[in-house]
2 protein chains.
Amino acid sequence: MATEKPDTLHGRILDEFSRKIVDGTWPPGYLLPKETELAAQYGVSRMTMNKVLTRLASDGFVIRRKRSGTVVAQPRAESAVLAINNIGEEVAALGRRYKWALLSSENRAGHAQDRRLLSLNEDEAQDNSLFLQGLHYSNDEPFCLETRVINTQMVPDALTVNFQHDVPGSWLLNTMPWTRARHHVRAINVSGRDATLLELPVGAACLEVLRRTQIDAHWVTCARLLYPGEAHQLIAEFDGKIGV
Amino acid sequence: MATEKPDTLHGRILDEFSRKIVDGTWPPGYLLPKETELAAQYGVSRMTMNKVLTRLASDGFVIRRKRSGTVVAQPRAESAVLAINNIGEEVAALGRRYKWALLSSENRAGHAQDRRLLSLNEDEAQDNSLFLQGLHYSNDEPFCLETRVINTQMVPDALTVNFQHDVPGSWLLNTMPWTRARHHVRAINVSGRDATLLELPVGAACLEVLRRTQIDAHWVTCARLLYPGEAHQLIAEFDGKIGV
DNA sequence: TAGTGGTCTAGACCACTCC
DNA sequence: GAGTGGTCTAGACCACTAG
């Protein structure tokens, strides 16, 4: 799934197609030309084009249906690999009432403290940054403290959204095309303002998830999600051998 | 990567081959017959058999080299998806001295406490279980507390190993063929014996990783790895959309 | 330098599905 | 019923590499 050798016919075409999907040139729902047509356009046999489309489908980028053709898939919010759900869905799945409360929203470069929190480089916290902080509730109890910065150069629409009503994560999920994310997970003893906001005693164990999301090479958003320790559990499942 | 529809020629063959690799019928290093031969054996065209072998290779099950043929790959300890390294390697990567100390080893059903810790069912802690507890050190400081149960029915050799010298995780990694694992990760405030062993003050945040490993449908080992909070960090990277 | 996998083609038949 | 993807074949040429 990482960089591959693109020096084959179908490899180059696969690269081109997946790039078009990832960067939004072919948005979700876009209907691709039919197999034979694409094969003719690219001057390859149908078998070769089929290899490309079959791979795209098995990677989840497109949905193929007989008769109706091949369409770009709707990006899914979940992965079979690591279930870090949309927080709203997560709370709902527990049968609880979900609520989101925006605590602060700030254009420009944000507090130095927030930049450190999100491990941002200097050039990643420029003028085109939107800093947000808010709380996810489960049955009116704090469930997750979110601190986030959004690159408004990549997602200019974010400036027009009222994040008191729209949950940033969900909004981004629905707005952006395909993404790539990197997570850092660790345990910390909560303190200070974080503890106050989460209504936890100082020192309570919390799960800190730092998530950096990007489209192609450009970062889009960084989020720090702080979950009261035992309340939250990450689940990951693997094939192949990872560790014992 | 999960269960798929096997109702194609290459699908059925792919299933058969991957099963043979996973269950050890074709052990790591096993040299497969050459493509044309396999195609003849199964009465399919070379293209079809190529599809099978190419897929096996892209899934990492086999290594294909021109001239030398197709061999079953050595299971790798790491995955590109979620880097939870072999603990020894992890410590070594930090440039520190690694040491393993076995604290206890017990045949039979183990303490009820340990069974709870590992979330084992009744039938998963029978007579054919080996309970272990030990500490991984980094520069003589506790780095990870490991509590583990091994299904000796699946891995009978485990009874003959001296786990004072062999690190259970590494030994299993090298002994078993391919595996599937499920991880549960959360943050806890350490206390009691765990705190003492890790030389941490009561209440320090720790990252608890529960890892259940299986071969096909049979569980092989369950491990609870307890890392002093900020010392350890899980890193996970994804393609596609997971959450924002 | 010969054998292996890597790739591609042209053509074929089938099954499903939407109109 | 017609068009689409799903699959398979037989044959071909190439590149790499081990001996």
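Residue numbers begin at 1 in each chain, while the letters A, B, ... track the order of the sequences. Here the structure is a predicted model, which is why all the values come from computation and not from measurement.
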Is the distance from OP1 or OP2 of D/dA2 to the nearest side-chain N or O of A/Arg67 less than 4.0 Å? no
First locate atom CZ of A/Arg224, then atom CD of A/Glu146, and finally report the distance between them rounded to the nearest 0.5 Å. 11.5 Å
To the nearest 0.5 Å, atom CG of A/Asp157 lies from atom CG of A/Leu172 at 10.5 Å
Do B/Phe163 and B/Trp100 have ring centroids that are under 6.0 Å from one another? no
Should A/His10 be listed as having a side-chain N or O under 4.0 Å from OP1 or OP2 of C/dC8? yes
A/Asn50 has an atom CG; how far is it from atom C1' of C/dT9, in whole Å? 13 Å
Rounded to the nearest angstrom, tell me the gap between atom CG in A/Leu32 and atom C1' in D/dG5. 13 Å
Taking only N and O in the side chain of A/Thr48, is any of them less than 4.0 Å away from OP1 or OP2 of C/dT7? no
Rounded to the nearest angstrom, tell me the gap between atom CE in A/Met47 and atom P in D/dG5. 15 Å
By nearest nucleotide on DNA chain C, pick out whichever of B/Arg64 and A/Val44 is the more 5' one. B/Arg64
Atom CD1 of A/Ile63 and atom C1' of C/dC16 are separated, to the nearest Å, by 17 Å
At under 4.0 Å, does any side-chain N or O of B/Lys34 touch on OP1 or OP2 of C/dT4? yes
Picking from C/dC18, D/dA18, D/dG5, the nucleotide nearest the side-chain atoms of B/Ser68 would be D/dA18
In Å, rounded to the nearest 0.5 Å, how long is the span from CG of A/Leu226 to OG1 of A/Thr147? 8.0 Å
Interatomic distance where OH belongs to B/Tyr42 and P belongs to D/dC8 [whole Å]: 15 Å
Interatomic distance, A/Leu53 CG vs D/dG6 P [rounded to whole Å]: 8 Å
Atom CG of A/Leu9 to atom P of D/dC13: distance rounded to whole Å? 17 Å
Confirm from the modelled atom types if B/Arg46 and C/dG6 form a donor-acceptor pair under 3.5 Å, side chain to base only. yes
Euclidean distance, atom NZ of residue B/Lys51 to atom C1' of D/dT9 [Å, nearest integer]: 12 Å
G-U wobble or Watson-Crick pairing nucleotide for D/dG19 (cut-off 3.5 Å, both distances): none
Pick from B/Leu53, B/Leu56, B/Val72: which one makes a side-chain contact (heavy atoms from CB on, under 4.5 Å) with B/Phe61? B/Leu56
